[in-house]
Amino acid sequence: MTVGLNSRYGLNPAHSEVVEACKIIEPCNALDMGSSNGRNALYMSQLGFNVVAVDNSPSAIDMLQQIVSDEGVANIKAQVYDINNAGLGVDYGFIACTVTLMFLDPARVDAVIADMQARTLPGGYNLIICAMSTEEHPCPANFPFTLRAGQLREAYEGWELIKYNEDLGTMHNGAQLQFATMLARKPA
Ligand SMILES: C[S@@+](CC[C@H](N)C(=O)[O-])C[C@H]1O[C@@H](n2cnc3c(N)ncnc32)[C@H](O)[C@@H]1O
């Protein structure tokens, strides 16, 4: 039994939006894009999702692979992959991309989102959380990419937006930063 793996390995709990999304999404083939060392992938696997976890950090993927191997987790495949390639090649029922888009090459983000959408099965879900930079709240952090107001909503036109907000959050250093949070369902 793998309950409590996150704390056993010193990982943070799964992102709260992943926890919320998993309350409504039935276990299926899922992709964790920018998984780091796997806090969300491990959580999803314990709920019965078959998870592919990708990140371009070999050390993060090594750590996740070590946990998977030590614990005999059968339903996580962890791979080094550069998301900028926008070439997923496999279809999923759920693709989660939490606080990762803002680290990508800005010139590739449209292609990455288009590939995520194309690789989502009919009736499947995309979860995206990404920093924004808006007139009212210019992003105080130096991310390569940030979303404009309304940009993510526009990119998902035609999908059912189960959750969408562009709320203001506070960073560890007290700076205020807007985040787009979206759970969207592809038409069945
Ligand atoms: C802030 S962490 C978020 C990790 C995880 N999604 C979470 O919610 O805890 C961003 C992750 O994106 C990964 N990343 C950044 N650029 C990437 C790229 N081009 N391809 C794949 N992963 C990337 C980083 O290595 C890092 O693990």
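At least one side-chain heavy atom of L64 sits under 4.5 Å from a side-chain heavy atom of L42. Counting heavy atoms from C-beta outward, F49 and C28 have side chains that approach closer than 4.5 Å. Y9 has its side chain out of reach of N37: every pair of non-hydrogen atoms, C-beta onward, lies at least 4.5 Å apart. In this structure, E166 and L147 have side chains that are not in contact, with every pair of non-hydrogen atoms separated by 4.5 Å or more. In this structure, N56 and I83 have side chains that are not in contact, with every pair of non-hydrogen atoms separated by 4.5 Å or more. Counting heavy atoms from C-beta outward, S35 and N40 have side chains that stay 4.5 Å or more apart. Between L152 and I113 there is a side-chain heavy-atom pair separated by less than 4.5 Å.
For CD of E136, the number of neighbouring non-hydrogen atoms (other residues, nucleotides, ligands) closer than 6.0 Å is greater than 12.
Note that OG1 of T120 and CG of N126 are 4.0 Å apart. Values are rounded to the nearest 0.5 Å. Atom CG of residue L104 and atom SG of residue C97 lie 6.5 Å apart, to the nearest 0.5 angstrom. Once rounded to the nearest 0.5 Å, the distance linking CE of M182 with OH of Y125 reads 12.5 Å. For the atom pair SG of C22 and CG of L47, the computed distance is 5.5 Å after rounding to the nearest 0.5 Å. How far CD1 of I95 is from CZ of R119: 9.5 Å, rounded to the nearest 0.5 Å.
Under the 30°/60° scheme for interplanar angles, the aromatic rings of F103 and F143 are found to stand perpendicular.
A salt bridge links E17 with K163: at least one charged nitrogen is closer than 4.0 Å to a carboxylate oxygen.
Put simply, the side chain of N6 gets close to the backbone of R39: a donor and an acceptor are under 3.5 Å apart.
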List the steps and the verdict of side chain to side chain donor-acceptor pair (under 3.5 Å) for N29 and N50.
-> CA-CA 5 Å; N29 291 335; N50 293 314; 3.3 Å; yes

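Cluster annotation: Y81 and I76 are assigned to distinct hydrophobic clusters (Ile/Leu/Val/Met/Phe/Trp/Tyr, side-chain heavy-atom contacts under 4.5 Å, transitive).
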